[in-house]
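Here is the structure we will look at.
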Amino acid sequence: MINERYFEQLAVDATRENEIRNRHYHLYRVKRGLRNADGSGVLVGLTTVSSVLGYEKIDEEIVPVEGRLYYRGIDLKELVKGFSSANRFGFEETLFLLLFGWLPNGAQLQDFSSLMGEMRQLRLNFARDVLQTFRTRDVMNALARSVMTLYGIDEDAENLAVSNQIRQAMELTAKIVTLVPYAYYSIQHGFYNGSLIIHPPDPTLSSAENFLRLLRPDQQYTELEAKTLDVAMVLHADHGGGNNSTFTMRVVSSTLTDIYSAASAALGSLKGPLHGGASSKVATMMQDIKKNVTNWSNPDEVRDYLRKIMQGETFDRQKKLYGIGHAVYTLSDPRAVILKKYAKELAKEKGREEEFALYEAVENEAPNAVREVKDDADMVLSANVDFYSGFVYDCLGIPTELYTPIFAMSRMAGWCAHRLELVTNPNKLMRPAYKSITKTRPYVSLDLRETKMQEE
């Protein structure tokens with residue numbers, strides 16, 4: 001029988017032996033979290049896939065600017081404007097751009113989208129054999145195991161030829177749209193006595209349409225719902241090579257392992273709450289604000305409650321305003337700016353304009369609340385994409401458990417694009433250095449160790 005106290009005592013001792021103090025990082029000039037002193041990321045690589053602009057450096061000083069995100073050199077705002085003004089779904093077009101580096105013409109886009117539609121179907125009984133037989137309560141873990149199962153099905157899984165990598169990238173990005181709702185319903189049925197809903201994907205529909213069709217029992221959705229989810233997927237498709245999960249994809253791929261192993265590792269990275277859990281935390285925070293702020297239209301009352309959250313007096317006591325601020329963006333997050341417009345339209349369709357107005361009030365007052373509590377009048381903050389993501393997903397009737405999996409479903413595009421970039425260039429195994437701060441000590445024989453314990 002497992003003795004929990006045994007592990008608790010070991011935990012106390014292990015924590016003591018593994019302690020690394022902040023002064024050690026300063027002493028050895030180690031950039032903790034691969035971050036520079038000003039919070040910017042340490043430059044560790046080059047990429048052609050995407051780039052993020054959140055500030056400029058002038059004479060080594062950070063100067064805030066309006067945020068920009070570029071996919072293969074194309075401004076994200078222009079990309080979204082291009083396909084949305086033509087009343088076209090954009091995720092498949094964005095995937096093509098990220099993978100290959102150019103925008104497809106009409107025939108290329110049609111052929112690519114058709115092939116993606118064919119690839120969305122899973123092998124017969126996959127859901128039963130993989131998702132329902134060996135169950136897990138977490139959708140992200142279910143996705144990671146499913147991805148590794150796809151390795152076993154792929155007869156050419158280890159082939160690193162560029163043509164094969166392209167095929168695998170398309171397969172993964174197509175199939176994860178099917179896997180997410182299948183995994184969700186398998187968990188609901190297996191653990192919570194919910195209905196097991198397994199609709200077949202429609203090869204003629206876009207990724208966003210298929211997801212809503214597979215998730216909803218009646219398979220119905222409005223055009224605005226599908227277009228909004230499509231845009232959200234485009235906004236989350238990539239964010240440079242430095243975010244944790246993409247960096248994981250590149251680090252693991254640098255060993256020249258198969259794409260399934262690397263994608264599984266990236267899924268594990270995104271599952272961590274410090275990376276992929278922000279939209280869920282925003283949704284929880286906003287529920288708390290709705291309960292505790294009496295007059296949603298009073299900015300002073302909103303700001304007062306936000307200050308209480310920042311001071312650790314209420315909500316989760318973590319002294320954080322989720323969805324506010326970003327590691328790179330300063331004046332604005334371009335993804336949040338775009339998604340906010342769709343969130344407003346969706347709120348009208350769902351009759352939730354008052355709630356949307358509260359989100360706007362929080363977005364406006366949160367930077368003021370943070371500056372007041374931090375006593376830093378020069379601090380520059382803005383809402384990030386996670387701030388409106390949760391609201392959009394909630395309006396779409398998507399369960400909170402699927403917020404991070406939708407992130408993964410979208411980001412698979414960027415992961416695969418970075419993987420393709422890595423295998424098409426001369427590769428060098430990534431191996432950063434770590435400085436040991438443990439003092440050398442002699443080996444002590446078992447007899448002497450036991451004698452010492454008896455003396456103590």
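As a basis for the values below, the full set of heavy atoms in this structure was taken, side chains included, without hydrogen atoms, waters or symmetry mates. Just so it is clear, the structure is predicted and the values come from calculations on it, not from any experiment.
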Practice problem: With side chain to side chain donor-acceptor pair (under 3.5 Å) as the test, would you mind laying out the steps for Y70 and S50 before giving the verdict? | Solution: CA-CA 5 Å; Y70 299 90; S50 69; over 6 Å; no
Quiz item: Does the side chain to side chain donor-acceptor pair (under 3.5 Å) test come out yes or no for H236 and R411, once each step is laid out?
Solution: CA-CA 6 Å; H236 286 89; R411 188 56 60 85; over 6 Å; no
Quiz item: What do the steps show when you test E92 against S206 for side chain to side chain donor-acceptor pair (under 3.5 Å), and what is the final call?
Solution: CA-CA 7 Å; E92 283 71 24; S206 68; 5.0 Å; no
Practice problem: Kindly determine whether S382 and T330 satisfy side-chain contact (heavy atoms from CB on, under 4.5 Å), including the steps that lead there. | Solution: CA-CA 6 Å; S382 61; T330 51; over 6 Å; no
Quiz item: Should N164 and R167 be marked as a side chain to side chain donor-acceptor pair (under 3.5 Å) after you check the CA-CA gap, both sets of side-chain angles, and the distance that decides it?
Solution: CA-CA 5 Å; N164 194 54; R167 190 239 342 145; 2.7 Å; yes
Practice problem: Determine, stepwise, if the pair D13 / R16 fulfils salt bridge (charged side-chain N to carboxylate O under 4.0 Å, His left out). | Solution: CA-CA 5 Å; D13 297 337; R16 181 184 63 251; 3.3 Å; yes
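Within 6.0 Å of the CZ atom in R5, the count of heavy atoms belonging to other residues, nucleotides or ligands does not exceed 12. For Q219, the CD atom sits in a packed shell: over 12 heavy atoms of surrounding residues, nucleotides or ligands are nearer than 6.0 Å. More than 12 heavy atoms of other residues, nucleotides or ligands lie within 6.0 Å of CG in N105, so this atom counts as buried by the packing criterion. With a 6.0 Å radius and a threshold of 12 heavy atoms from other residues, nucleotides or ligands, K320 has its NZ atom at or below the threshold. Open room surrounds CD on E354; 12 or fewer heavy atoms of other groups in view lie less than 6.0 Å from it. Shown here is Y6, whose OH atom has no more than 12 heavy atoms of other residues, nucleotides or ligands within 6.0 Å. Counting heavy atoms of neighbouring residues, nucleotides and ligands inside a 6.0 Å radius, atom NZ of K290 exceeds 12 of them.
Using modelled atom types, no side-chain atom of R250 and backbone atom of L422 make a donor-acceptor pair closer than 3.5 Å. No donor-acceptor pair under 3.5 Å is formed between the side chain of D333 and the backbone N or O of A383. Listed for the N87 side chain is no donor-acceptor partner under 3.5 Å among the backbone atoms of S84. Using a distance-only test at 3.5 Å, with no hydrogens or angles considered, no donor-acceptor pair links the side chain of Y185 to the main chain of G194. S113 contributes a side-chain N or O that, together with a main-chain N or O of L109, makes up a donor-acceptor pair within less than 3.5 Å. Judged purely by atom type and a 3.5 angstrom limit, N244 has no side-chain atom pairing as donor or acceptor with the backbone of H275. In terms of modelled atom types and a separation under 3.5 Å, the side chain of T404 and the main chain of K271 share no donor-acceptor contact. In this structure a side-chain-to-backbone donor-acceptor pair under 3.5 Å is present from R213 to P200. Counting only distance, with no hydrogens or angles, the side chain of T257 and the backbone of S253 share no donor-acceptor pair below 3.5 Å. A donor-acceptor pair is defined here as one N or O able to donate and one able to accept, closer than 3.5 Å; such a pair exists between the side chain of E421 and the backbone of T48.
Between R216 and E225 there is a salt bridge, since at least one side-chain N of the basic residue sits less than 4.0 Å from a carboxylate O of the acidic one. Using a 4.0 Å cut-off between a side-chain N of Lys or Arg and a carboxylate O of Asp or Glu, E360 and K344 do not qualify as a salt bridge. Ion pairing of D230 with R88 is absent here, as no side-chain N (NZ or NE/NH1/NH2) approaches a carboxylate O to less than 4.0 Å. The pair K281-D316 counts as a salt bridge, with a side-chain nitrogen and a carboxylate oxygen less than 4.0 angstrom apart. Between K348 and E353, no side-chain nitrogen of the basic residue sits less than 4.0 Å from a carboxylate oxygen of the acidic one, so the salt-bridge criterion is not met.
A distance of 10.0 Å separates CE of M412 from CG of L270, quoted to the nearest 0.5 Å. Here the CD1-CG distance, from I289 to L306, works out to 5.0 Å after rounding to the nearest 0.5 Å. Residue F315 holds its CZ atom at 9.5 Å from CG of L321, rounded to the nearest 0.5 Å.
Side-chain atoms of L256 and L429, non-hydrogen and from C-beta on, never get closer than 4.5 Å to each other. L172 is not listed as a side-chain neighbour of I176, based on a closest heavy-atom distance of 4.5 Å or more. Side-chain contact between S245 and W415 is present, with at least one heavy-atom pair separated by less than 4.5 Å. You'll find the side chain of E158 reaches within 4.5 Å of the side chain of Y151, heavy atoms only. In this structure the side chain of V385 never reaches within 4.5 angstrom of the side chain of I338, judged on heavy atoms. Two residues are said to be in side-chain contact when any heavy atoms from C-beta on lie closer than 4.5 Å; I197 and L214 fail this criterion. Residues S207 and R120 meet the side-chain proximity criterion, which asks for heavy atoms closer than 4.5 Å. Side-chain contact between L103 and Q108 is absent, with no heavy atoms from C-beta onward closer than 4.5 Å.
Shortest non-hydrogen contact noted between S254 and K428 is CB-O, 4.0 Å. The two atoms that bring L98 and A417 nearest to each other are O-CB, 3.3 Å, heavy atoms only. Nearest heavy-atom pair across A265 and V252 is CB-CG2, 3.8 Å. Scanning both residues, P334 and K77, for their nearest heavy atoms gives CB-CE, 4.0 Å. Taking both residues in full, the closest heavy atoms of V328 and Y55 are given as O-CD2, 3.3 Å, listed atom of the first, atom of the second, then distance. Shown here for E66 and L331, the closest heavy-atom pair between the two residues is N-CD1, 3.8 Å.
There is a side-chain donor-acceptor pair under 3.5 Å between Q168 and Q165. Counted by atom type alone, Y305 and T314 present one or more donor-acceptor pairs between their side chains at under 3.5 Å. Judged purely by distance below 3.5 Å, without hydrogens or angles, the side chains of T222 and E349 pair a donor atom with an acceptor atom. D386 and S389 share no donor-acceptor pair across their side chains, judged by distance under 3.5 Å alone. Remark: the D138 side chain and the T136 side chain contain no N/O donor-acceptor pair separated by less than 3.5 Å.
Annotation: cation-pi geometry satisfied between R135 and F191 (NZ/CZ under 6.0 angstrom from ring centroid, within 45° of ring axis).
Ring to ring, Y359 and F387 are close: their centroids are under 6.0 angstrom apart. For Y71 and H239, the distance between ring centers is not under 6.0 angstrom.
Ring geometry, W102 versus F100: the interplanar angle falls from 30° to 60°, so the pair is classed tilted. Ring pair F356/Y388 is tilted by interplanar angle, where 30° to 60° counts as tilted.
Not counting sequence neighbours, the partners of E223 by the salt bridge (charged side-chain N to carboxylate O under 4.0 Å, His left out) test are K227.
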Name every donor-acceptor pair, under 3.5 Å, that has one atom in a side chain of residues 391-401 and the other anywhere in the protein, sequence neighbours excluded.
unit_1	atom_1	unit_2	atom_2	d
D394	OD2	R352	NH1	3.3
D394	OD2	R352	NH2	2.6

